[in-house]
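Every chain is numbered from 1, with letters handed out A, B, ... down the list of sequences.
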Amino acid sequence: MPPVSFRAPTGTRDILPPESARVIALVARFAELCRRAGYGLVLSPLFEDVAVFRRSAGEESEVVKDEMYEFADKGGRALALRPEGTASVVRAYVQHRPPLPWKTWYVTPAFRYERPQAGRYRQHHQLGVEVLGTEDPDCDVEVIALLHDFLRALGLERLELKINSMGDAVCMPTYRAALVAYLGQHQSGLCPEHKERWRRNPLRVLDCKKAGCQQVRVGVPRLADWLCEPCRMHFARVRAGLDAIGIAWRIDDFLVRGFDYYTRTTFEFAALALDAAQNAVGGGGRYDGLAEQLGGPRTAGIGFGCGIERVLLACDAEGALGDLGGAVEVFVVDLTGGGAARDLTHVLRRAGIGAERAFDARSMKAQLKLADRSGARLAAIVGASELESATVTLRDLRADQRRQSVVARDRLLDEVRSWLAVPAQ
RNA sequence: GUGGCCGUAGCUCAGUUGGUUAGAGCGCCAGGUUGUGGCCCUGGAGGUCGGGGGUUCAAGUCCCCUCGGUCACCCCA
């Protein structure tokens with residue numbers, strides 16, 4: 001075979017050590033926050049009947065129109081890789097009908113066929129929560145707070161929370177009609193793309209950045225003025241709740257998120273430290289009609305998705321989530337062929353102490369070099385004399401001056417523990 | 001899908017108006033120290049110059065195509 005060099009497909013990437021350790025740390029923190037708040041993990045298939053995503057995100061959404069990884073399996077079923085997390089969880093809710101409220105979290109890859117750029121991948125990773133079965137505004141507050149506290153717990157500080165309300169099945173259609181009427185009067189001013197599209201997807205015009213649409217937007221009807229009384233009350237209680245627990249927010253009238261299922265509360269956290277175009281690290285909202293759309297009973301719901309890659313970029317920009325300290329405690333240096341390293345690393349690891357070694361019977365110099373780079377605090381050296389006298393030379397690799405002593409091999413665990421108890425000097 | 005910029009060693013990059021055998025730093029391996037890492041010194045391994053075609057006596061260098069990367073539009077995490 002000729003030498004063909006393969007690469008990860010366009011828009012995907014490998015996450016290798018040590019970066020992967022940050023992913024573990026981040027997911028672990030999220031899991032802990034979810035546990036504290038009473039959320040349980042949902043693992044669902046990475047692919048679904050393509051209709052699950054079509055019906056939830058909406059036929060007119062960009063994601064469904066031309067970003068889905070669709071395929072037919074050998075049985076001819078029309079499937080798609082998940083482009084976002086919510087649809088699968090709601091489908092699982094409809095299928096299993098758990099007791100309400102159902103508070104869940106997930107971590108998953110998500111796939112969208114887009115042109116990659118800074119902070120945007122064809123496969124990226126999201127963690128998030130979904131709560132089914134309550135429209136209590138305190139639940140909106142709880143969900144937003146969970147995302148907020150998660151980002152803060154990682155050390156991110158330069159965050160902005162944008163919120164909005166999309167109304168419900170009563171007031172949204174009324175607003176939409178008013179918006180269409182307005183856009184109809186001003187269609188000549190719209191940007192070229194929205195001149196075509198404004199009738200089918202009028203809300204998109206609201207967050208269009210092109211000059212034409214921006215100008216048309218100046219006198220546009222505002223959703224806030226069209227909310228029905230229950231929606232206005234709901235939104236007011238969400239804001240009051242955020243105030244009560246000290247989470248700052250800013251209303252963004254034009255926060256129109258990309259999936260059609262949103263009702264009432266929508267929100268998004270922007271990482272201000274990111275100067276890249278893609279600075280939304282997490283966002284979500286309420287979707288009180290979605291379960292019904294997927295064939296279930298009418299059930300309120302709310303959730304968010306949070307992009308792991310973007311959160312990591314934001315952490316880099318703010319110098320957060322560094323120094324994860326994944327190093328082992330002891331590096332066993334074996335000059336007798338490797339048997340002692342095999343035995344001692346096993347003893348140490350069984351006792352809960354991280355232990356590394358070199359393979360292939362390298363020279364002492366090479367082994368100590370590896371020991372140094374491994375970040376281990378101690379080297380445990382076994383040469384011919386130690387082997388003969390059943391001892392080990394323990395050496396402090398962090399001490400500026402050479403500090404080492406010979407200890408009995410059967411006292412190794414005690415000695416290692418007492419050395420580790422004293423900080424390096 | 002559209003546009004800008006960029007492809008030379010594992011990584012970051014030099015490489016003159018086209019001109020012998022393509023270099024450096026870092027990293028890796030070995031030695032200097034026959035049992036002591038970090039600092040230093042010496043040596044070594046490692047390259048289809050992204051790929052293909054063309055111009056030329058001669059192409060890493062010029063032209064065309066293509067693939068890939070990157071950033072932006074769009075959209076979103």
Side-chain angles (χ1 to χ4, degrees), chain A residues 2-13 16 57 60-67 82-86 107-128 147 151 191-194 197 201 204 207-210 213 255-259 268-271 274-284 304-314 331 333-336 358 360 362-387 393-404 406:
Chain A
V4 187
S5 70
F6 293 106
R7 301 180 47 88
T10 296
T12 68
R13 67 187 193 117
L16 309 174
E60 281 303 318
S61 67
E62 303 299 323
V63 165
V64 164
K65 270 196 317 190
D66 43 34
E67 295 180 1
R82 76 164 48 122
E84 55 102 22
T86 302
V107 53
T108 180
F111 304 87
R112 292 177 205 166
Y113 191 88
E114 307 175 89
R115 284 291 287 268
Q117 69 185 82
R120 194 173 75 182
Y121 302 91
R122 289 185 176 174
Q123 174 176 347
H124 72 283
H125 300 83
Q126 285 190 29
L127 35 78
L147 179 52
L151 297 171
C191 78
E193 196 193 335
H194 285 111
R197 287 222 293 153
N201 201 347
R204 281 258 70 89
D207 68 348
C208 181
K209 290 165 198 133
K210 300 249 164 62
C213 291
L255 177 62
V256 176
R257 296 180 50 78
F259 302 127
E268 189 173 291
F269 281 89
L274 290 181
D275 51 5
Q278 314 296 336
N279 72 348
V281 290
F304 66 74
C306 175
I308 290 178
E309 285 81 359
R310 286 189 193 169
V311 168
L312 288 175
L313 287 173
F331 195 103
V333 173
D334 183 353
L335 308 173
T336 69
D360 303 314
R362 311 267 304 267
S363 70
M364 185 179 202
K365 178 173 179 161
Q367 290 190 52
L368 273 170
K369 193 174 275 196
L370 290 171
D372 185 47
R373 265 179 253 144
S374 76
R377 166 77 189 281
L378 302 175
I381 304 167
V382 179
S385 67
E386 287 91 345
L387 191 65
T393 297
L394 269 188
R395 174 162 167 67
D396 191 333
L397 293 172
R398 305 279 181 79
D400 292 334
Q401 314 271 316
R402 178 180 297 194
R403 196 166 86 82
Q404 65 181 38
V406 179

Discussion item. Stacking between A/His125 and B/rA77, defined as ring centres under 5.5 angstrom apart with planes under 30°, is that present or not?
Written reply: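 Ring-base stacking flag not set for A/His125 and B/rA77.
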Candidates [options] - which lies nearest the side chain of [X]:
X	options	value
A/Arg115	B/rC29, B/rU36, B/rU70	B/rU70
A/Arg7	B/rA77, B/rG35, B/rG68	B/rG68
A/Thr393	B/rC29, B/rG35, B/rA77	B/rG35

Any strand counts, and the cut-off is 3.5 Å on both contacts for Watson-Crick or G-U wobble. Which nucleotide pairs with [N]?
N	value
B/rG25	B/rC11
B/rA58	none
B/rC73	B/rG1
B/rU33	none
B/rG47	none

Interatomic distance at [atom1], [N] relative to [M], whole Å:
N	M	atom1	answer
B/rG38	B/rG47	P	27 Å
B/rG23	B/rU61	C1'	15 Å
B/rG32	B/rG15	P	39 Å
B/rG51	B/rG60	C1'	14 Å
B/rA59	B/rG50	P	15 Å
B/rG52	B/rA9	C1'	23 Å
B/rU21	B/rU33	C1'	36 Å
B/rC65	B/rG4	P	12 Å

Any base atoms under 4.0 Å from [X], or only sugar-phosphate, or nothing? Heavy atoms, all strands.
X	answer
A/Leu370	nothing
A/Glu386	base
A/Ala384	base
A/Ala371	nothing
A/Gly128	nothing
A/Tyr121	base

Ignoring backbone atoms, establish whether [X] has a side-chain N or O less than 4.0 Å from OP1 or OP2 of [N].
X	N	value
A/Arg373	B/rC28	yes
A/Gln117	B/rA72	yes
A/Gln404	B/rU36	no
A/Thr10	B/rG69	yes
A/Arg204	B/rC75	yes

Measure [atom1]/[X] against [atom2]/[N] and give the value in whole Å, please.
X	N	atom1	atom2	value
A/Arg112	B/rG1	CZ	P	18 Å
A/Leu274	B/rA72	CG	C1'	16 Å
A/Gln126	B/rA77	CD	C1'	5 Å
A/Leu394	B/rU36	CG	P	18 Å
A/Arg122	B/rC75	CZ	P	18 Å
A/Leu368	B/rG37	CG	C1'	5 Å
A/Glu60	B/rC75	CD	P	13 Å

Worksheet entry | Test item: A/Glu309 and A/Arg13 side chains (from C-beta on) under 4.5 Å apart, heavy atoms |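 Yes - at least one pair of side-chain heavy atoms lies under 4.5 Å apart.
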Discussion item. Heavy-atom nearest nucleotide on RNA chain B for A/Ile308 versus A/Ala8: which residue maps closer to 5'?
Written reply: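 The answer here is A/Ala8.
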Item to complete: Please figure out whether A/Arg362 or A/Val382 has its closest RNA chain B nucleotide nearer the 5' end.
Response: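 Checking each residue's closest nucleotide, the 5'-ward one belongs to A/Arg362.
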To the nearest 0.5 Å, what is the distance between [atom1] on [X] and [atom2] on [Y]?
X	Y	atom1	atom2	answer
A/Asp360	A/Gln367	CG	CD	10.0 Å
A/Ile381	A/Leu335	CD1	CG	7.5 Å
A/Thr10	A/Tyr121	OG1	OH	13.5 Å
A/Leu312	A/His125	CG	NE2	11.0 Å

Fill in: Candidate list A/Arg82, A/Glu84, A/Arg120, A/Gln123, test side-chain contact (heavy atoms from CB on, under 4.5 Å), partner A/Arg112, passing option
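Checked A/Arg82, A/Glu84, A/Arg120, A/Gln123 against A/Arg112; only one passes side-chain contact (heavy atoms from CB on, under 4.5 Å): A/Glu84.
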Worksheet item: For A/Gln404, which of A/Thr393, A/Leu397, A/Leu394 qualifies under side-chain contact (heavy atoms from CB on, under 4.5 Å)?
Response: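 So, applying the side-chain contact (heavy atoms from CB on, under 4.5 Å) to A/Gln404 and each of A/Thr393, A/Leu397, A/Leu394, only A/Thr393 qualifies.
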Worksheet entry | Contact pattern, 5' to 3', of nucleotides 38-43 of chain B - B, S or - by protein heavy atom under 4.0 Å | B-----
Worksheet entry | Smallest separation among heavy atoms of A/Leu147 and A/Phe269, with atom names |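 Residues A/Leu147 and A/Phe269, closest heavy atoms: CD2-CD1, 3.4 Å.
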Discussion item. Quick check: any donor-acceptor pair below 3.5 Å linking the side-chain of A/Glu114 to the base of B/rC74?
Written reply: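 No such pair is found, so the answer is no.
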